Each structure stands twice: as structure tokens, then as C-alpha cells.
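Indexing begins at 1, ligand by ligand and atom by atom, following the structure's order. This is a predicted model, so every value here is computed, not measured.
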Amino acid sequence: MNNNETIPVEENVAWKSEKPNDVVVSLIESKIVNPGDKILDEGCGFGANSNFLASEGVKVSAINIKYSELQEARNRANTLGVKVNYDQADVMELPFRDEEFDTVLDIGCTHMLETQSDQIIAARETTRVLKPGGYLLYFGFNKNHPAFQRDPDSPRFRNVEDVQVIYPKFSVIRSGEVRWETKPEENSLDPEHVGTFILLQKKE
Ligand SMILES: C[S@@+](CC[C@H](N)C(=O)[O-])C[C@H]1O[C@@H](n2cnc3c(N)ncnc32)[C@H](O)[C@@H]1O
């Protein structure tokens with residue numbers, strides 16, 4: 001597989017939607033994730049990705065620092081009739097054993113951490129809980145985001161090479177940029193969000 005191969009994504013990655021992200025769906029379609037695999041969804045939001053994966057027979061653990069979001073995710077799982085182990089936890093201190101998961105999703109979670117040192121702690125935790133050969137699907141804002149111009153020292157904006165630095169035990173399988181318009185209710189200074197999806201694999 002080649003680095004920098006484009007990941008097909010829909011423009012809208014709105015995380016409050018009940019619809020799973022296209023890149024997560026593509027993990028199932030491409031058999032990178034299979035029924036019976038153990039997945040950790042870090043910063044699971046309202047559970048759209050976790051609930052979808054559980055409906056595909058994946059064993060999903062999902063954490064969020066916000067209790068209210070977890071409750072909504074649980075309610076949605078109950079409505080859909082799927083089982084996900086939702087727990088309140090911080091991505092910087094994961095309540096899981098070493099090498100417990102086949103795949104970890106970090107879709108917009110660690111990019112919320114505001115210091116490089118916190119991001120390194122979270123990356124070490126993610127590395128710890130993933131099996132050798134396991135996958136990490138990462139999404140975060142990148143340096144093409146208009147807000148980066150106002151805050152160029154912020155570690156929240158990371159290009160592929162910045163992510164690789166904090167995941168030295170991983171290879172980049174593929175990556176792709178996504179852009180979508182901001183919504184009026186966000187009251188954003190920016191006309192659009194710009195970020196990168198990266199699929200990484202932990203070396204054996
Ligand atoms: C942009 S949302 C993405 C939600 C979800 N991953 C999705 O794609 O639908 C970021 C999520 O990370 C959670 N979060 C932020 N900091 C966290 C932390 N330190 N530990 C765990 N979750 C965190 C937020 O509560 C929020 O649910």
C-alpha cells in the first residue's frame with residue numbers, strides 16, 4: 001500500500017450526526033476491520049461510529065470525557081439494539097490492558113488536546129493499548145485550516161509528518177485531506193474546516 005493515497009471521504013464529517021463517518025465505513029468495506037475485532041473509539045462523541053461498528057459485529061469499547069455525550073451515545077445504541085461498552089475516561093489515561101485492541105479510532109479526539117506534551121501522553125497510551133500490527137485511524141485539523149494562521153504555534157493543527165513524530169512505532173498506510181464548510185451555529189471565524197484522515201499501522 002502507498003503512502004499519501006487519497007482516502008475517499010464525503011465533505012461532511014459533522015460529528016453530531018447519527019451517520020457513521022465514510023472513512024469508518026470504508027474500514028469495514030476494505031476488511032481492515034472485521035466482525036469479532038476489538039476496537040477502541042477514543043472521544044466517541046455521540047457514538048455514531050461506535051454504534052455502526054457494533055452493528056457490523058465488531059466488539060466496541062468507547063470512551064469520552066463528557067458524561068452527557070456518553071449518555072446520548074448509550075441511548076442511541078439502545079434504540080438501535082447494539083451493544084457498545086461506553087465508559088467515561090480520559091484519552092490520556094486509558095483504562096485498558098496493553099495490546100488489547102485490533103484498531104483504535106481517534107477521530108477528532110486528541111486534536112482537542114492543547115499542548116504537545118498532552119498529545120504525546122495520549123499517543124503513548126494509544127500505542128500501548130494497540131496490538132502489534134493493529135491500526136489507528138486518526139483525524140485532526142491540519143495546517144491548511146484557516147485558524148492555523150491565527151495560532152501557528154498551536155499543536156492542534158497537525159500535518160501527516162507531525163502525527164508521525166508522535167507515533168514512531170507506526171507506518172502511515174494512507175492519508176487524505178477533507179474540507180467542509182462551517183455551519184452558522186458554530187459562530188466560527190472561518191469559512192471552512194480543513195483536516196487530515198490518516199490510517200496508521202503499528203509495526204510488529
Ligand atoms: C470533535 S468530537 C468527535 C466525536 C467522535 N469521535 C466522532 O467522530 O463522531 C471530539 C470528542 O472528543 C471528546 N474528548 C475531548 N477531550 C477528551 C479527552 N481528554 N478524553 C476523552 N475524550 C475527549 C469530546 O468530548 C468529544 O466527544
**Study point:** Glu69 to ligand 1, any heavy atom closer than 4.0 Å
**Key:** yes
Revision key, fill the gap. With heavy atoms and a 4.0 Å threshold, my read on which part of Leu105 contacts ligand 1 is neither
Review point. Quick one: does Lys203's side chain get under 4.5 Å of Pro132's, heavy atoms only?
Key: no
Exercise for review: Any atoms of ligand 1 less than 4.0 Å from a non-hydrogen atom of Asp90? List them with their elements.
Suggested key: 18 (C), 19 (N), 20 (N)
Check your understanding: Among Gly43, Pro20, Gly45, Ser68, which residue places a heavy atom closest to atom 12 (O) of ligand 1?
Key -> Gly43
Review point. What do you reckon, does Leu113 have a nitrogen or oxygen under 3.5 Å from a nitrogen or oxygen of ligand 1?
Key: no
Review point. Just wondering, more than 12 heavy atoms not from Lys169 lying within 6.0 Å of its NZ?
Key: no
Exercise for review: Describe, in one word, how the ring planes of Phe141 and His111 are oriented to each other, choosing from parallel (under 30°), tilted (30 to 60°) and perpendicular (over 60°).
Suggested key: perpendicular
Practice item. Look only at interatomic distance and state if Cys109 has a nitrogen or oxygen under 3.5 Å from any nitrogen or oxygen of ligand 1. Key: no
Revision key, fill the gap. The reported gap from CG in Leu53 to OG1 in Thr103 (rounded to nearest 0.5 angstrom) is 9.0 Å
Review point. Taking NZ, NE, NH1 and NH2 as the nitrogens, is one of them in Arg156 or Asp162 under 4.0 Å from a carboxylate oxygen of the other?
Key: no
Revision key, fill the gap. For Ala89, the atoms of ligand 1 under 4.0 Å from one of its heavy atoms are 20 (N), 21 (C)
**Study point:** Polar contact flag for Ile65 and ligand 1 (N/O pairs, less than 3.5 Å)
**Key:** yes
Check your understanding: Does NZ or CZ of Lys38 lie under 6.0 Å from the centre of the six-membered ring of Phe101, at an angle within 45° of the ring axis?
Key -> yes
Check your understanding: Relative to the heavy atoms of Cys44, which atoms of ligand 1 are at a distance of less than 4.0 Å?
Key -> 5 (C)
Revision key, fill the gap. Only one of Val24, Leu137, Ile28, Asp102 passes side-chain contact (heavy atoms from CB on, under 4.5 Å) with Val33, and that residue is Ile28
Review point. Taking N or O atoms only and a 3.5 Å limit, does Lys66 qualify as a polar contact for ligand 1?
Key: no
